[in-house]
A.B. asks: 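This is the structure I have questions about; it appears just below.
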Amino acid sequence: MKTKFLKPLAVVFVCLVLTACVKDTDFDQADDIALTPIVELDLIYFNIEAGEFYDENSDTPILTLSDTTEIRFLDDSGIQESLRRADFYFRFTNSIPRNFEVDFQFISEQNDTTYITGTNVIEGTLENPVITEFEQVVEGDDILQLTMADRVVVSVTIPDSDPTLEGILNLKSKTTYYLEVRDRE
C-alpha cells in the first residue's frame, strides 16, 4: 500500500524538477560586491590615582591631566576610504569622591583638531566605586573628520583636589570600526 502512494509522489517530484526555472548568472553583478568587515580594537586605558591631581612639592592642585595616544589604524588610506562608522565605548570605574569631565580631542598630523567628544564621570567612593559608561557613534560627515586624526588627546578635569584625596579613576575603552570595501578601479 505504501508503494502505491510513493509512485505518484515520485512522479510529481520529477516533473517539478524538470520544469523548474533556471536563471542565467549575471557576472556583471560581481562589480557590486562589497565586503563589510567589522574591526574591534582597544583604544585607551588608564588608572589615575587621586594623588596625581595634587602636586605636594608646590602644595597646589592639578585640575587637569592629559595624555596622547596614537591612532595608527586610521592612518591607512584604504581604511580612510572604507570606513563608514565608528562606535566608541568608554567604561570608567571611579572610586574618587569627585565628578570628572573627560574630553577626547582627535588631532591630525598638522595638529588640527578634527573631532571632539566628551562625557562626565560620576563620583564614587573607595567602598563603592561607580561605573560610568559612555558610547559615541561617529558616521556620516563626521567620519571624514575622524579619519584625518592620527592621535587622540584625553583630558581629565577634576573640580578640586587636596592632598588627602584617595581613590582611582580607571578607563577602559574600545572602538568598533565598520568598513565597506569595494573594488576600486
Side-chain angles (χ1 to χ4, degrees), residues 36-76 79-80 83-179:
T36 55
I38 298 172
V39 179
E40 235 178 58
L41 299 173
D42 290 336
L43 182 62
I44 302 167
Y45 60 90
F46 61 66
N47 284 309
I48 300 175
E49 295 186 24
E52 294 180 56
F53 289 100
Y54 197 83
D55 184 347
E56 290 186 12
N57 293 331
S58 64
D59 198 30
T60 57
I62 302 169
L63 300 181
T64 301
L65 297 175
S66 295
D67 191 31
T68 303
T69 301
E70 289 184 6
I71 311 173
R72 294 189 177 151
F73 183 73
L74 293 177
D75 64 0
D76 178 85
I79 299 297
Q80 292 171 345
L83 186 62
R84 296 295 171 252
R85 179 175 142 186
D87 294 356
F88 292 97
Y89 172 75
F90 302 94
R91 185 175 195 265
F92 298 90
T93 305
N94 185 12
S95 65
I96 302 173
R98 299 288 191 278
N99 292 317
F100 290 91
E101 182 180 312
V102 182
D103 295 309
F104 303 93
Q105 181 181 13
F106 292 80
I107 308 288
S108 73
E109 197 173 310
Q110 296 78 28
N111 289 322
D112 295 326
T113 298
T114 64
Y115 186 80
I116 297 174
T117 189
T119 190
N120 294 310
V121 177
I122 300 169
E123 73 178 78
T125 64
L126 289 173
E127 300 79 30
N128 188 23
V130 173
I131 294 174
T132 301
E133 295 177 315
F134 171 61
E135 295 180 42
Q136 180 74 30
V137 176
V138 182
E139 55 189 342
D141 294 337
D142 289 335
I143 279 293
L144 177 61
Q145 299 302 314
L146 183 67
T147 60
M148 289 192 276
D150 70 344
R151 61 194 182 281
V152 60
V153 177
V154 181
S155 298
V156 180
T157 304
I158 190 170
D160 62 83
S161 181
D162 62 63
T164 64
L165 196 61
E166 294 182 317
I168 294 176
L169 176 63
N170 170 271
L171 168 64
K172 294 179 182 175
S173 66
K174 69 177 181 177
T175 307
T176 305
Y177 297 101
Y178 297 85
L179 305 165

A.B. asks: Nearest heavy-atom pair of Pro159 and Leu63: which atoms, and what distance?
C.D. replies: O-CD2, 4.0 Å
A.B. asks: Please state whether the rings of Phe92 and Phe104 are parallel, tilted or perpendicular, taking 30° and 60° as the class boundaries.
C.D. replies: tilted
A.B. asks: Mind checking whether Leu165 and Pro97 have side chains closer than 4.5 Å, heavy atoms only?
C.D. replies: yes
A.B. asks: Say you draw a straight line from CZ of Arg151 to CD1 of Ile107; how long is it, rounded to the nearest 0.5 Å?
C.D. replies: 6.0 Å
A.B. asks: Check side-chain hydrogen bond (donor to acceptor under 3.5 Å, both in side chains) between Thr176 and all other residues, then give those that pass, not counting sequence neighbours.
C.D. replies: none
A.B. asks: Around atom CD of Glu56, are there more than 12 heavy atoms of other residues, nucleotides or ligands at under 6.0 Å?
C.D. replies: no
A.B. asks: Exactly one of Ile158, Val121, Asn120 should register a side chain to side chain contact (heavy atoms under 4.5 Å, CB included) with Glu101. Which one does?
C.D. replies: Asn120
A.B. asks: Can you find a heavy atom in the side chain of Val138 that is under 4.5 Å from one in the side chain of Gln136?
C.D. replies: yes
A.B. asks: Any chance you could measure Asp103, atom CG, to Ser66, atom OG, to the nearest 0.5 Å?
C.D. replies: 9.0 Å
A.B. asks: Before you tell me yes or no, could you show the steps for Tyr115 and Thr147 under side chain to side chain contact (heavy atoms under 4.5 Å, CB included), namely the whole-Å CA-CA distance, both residues' side-chain angles and the distance that decides it to 0.1 Å?
C.D. replies: CA-CA 9 Å; Tyr115 186 80; Thr147 60; over 6 Å; no
A.B. asks: Kindly list each side-chain donor-acceptor pair under 3.5 angstrom involving residues 37-50, sequence neighbours excluded, with atom names and distances?
C.D. replies:
{"from": "Glu40", "atom 1": "OE1", "to": "Lys174", "atom 2": "NZ", "distance (Å)": "3.4"}
{"from": "Asn47", "atom 1": "OD1", "to": "Asn170", "atom 2": "ND2", "distance (Å)": "2.5"}

A.B. asks: Once rounded to the nearest 0.5 Å, what's the spacing between atom OG of Ser173 and atom CZ of Arg91?
C.D. replies: 12.5 Å
A.B. asks: Check whether any side-chain heavy atom of Asp150 sits under 4.5 Å from a side-chain heavy atom of Phe106, and report yes or no.
C.D. replies: no
A.B. asks: Could you check whether the rings of Phe53 and Phe100 sit parallel, tilted or perpendicular, using 30° and 60° as the cut-offs?
C.D. replies: tilted
A.B. asks: Please tell me if the side chains of Thr175 and Tyr177 come closer than 4.5 Å, counting only heavy atoms from C-beta onward.
C.D. replies: yes
A.B. asks: Is it the case that atom CG in Asp141 sees more than 12 heavy atoms from other parts of the structure closer than 6.0 Å?
C.D. replies: no
A.B. asks: Any heavy-atom pair between the side chains of Leu65 and Glu52 that's under 4.5 Å?
C.D. replies: yes
A.B. asks: Please test Val154 against Val102 for side chain to side chain contact (heavy atoms under 4.5 Å, CB included), starting from the C-alpha separation and ending with a verdict.
C.D. replies: CA-CA 7 Å; Val154 181; Val102 182; 3.9 Å; yes
A.B. asks: Out of curiosity, Glu166 CD to Ile96 CD1, how far, rounded to the nearest 0.5 Å?
C.D. replies: 10.5 Å
A.B. asks: Closest approach of Arg85 and Val137, non-hydrogen atoms and distance?
C.D. replies: NE-CG1, 3.8 Å
A.B. asks: Looking at Asn94 and Ile122, would you say the former's side chain and the latter's main chain have a donor-acceptor pair under 3.5 Å?
C.D. replies: yes
A.B. asks: To the nearest 0.5 angstrom, please state how far the CD atom of Glu133 sits from the CZ atom of Phe90.
C.D. replies: 12.5 Å
A.B. asks: Say whether, by atom type as modelled, one donor and one acceptor occur between the side chain of Tyr178 and the main chain of Thr36 under 3.5 angstrom.
C.D. replies: no
A.B. asks: Check whether any side-chain N or O of Thr114 sits under 3.5 Å from a backbone N or O of Gln145 as a donor-acceptor pair, and report yes or no.
C.D. replies: yes
A.B. asks: With a 4.0 Å cut-off, would you call Arg98 and Asp162 a salt bridge?
C.D. replies: yes
A.B. asks: Looking at every heavy atom in both Gly167 and Ser95, which two are closest together, and how far apart are they?
C.D. replies: CA-OG, 3.4 Å
A.B. asks: Less than 4.5 Å apart, any side-chain heavy atom of Ile116 and any of Thr113?
C.D. replies: yes
A.B. asks: Would you say Thr68 and Val152 make side-chain contact, with heavy atoms under 4.5 Å?
C.D. replies: no
A.B. asks: How many angstroms lie between atom CG of Leu83 and atom CD1 of Ile143, to the nearest 0.5 angstrom?
C.D. replies: 4.0 Å
A.B. asks: Does any donor atom in the side chain of Thr125 or Asn128 lie under 3.5 Å from an acceptor atom in the other side chain?
C.D. replies: no
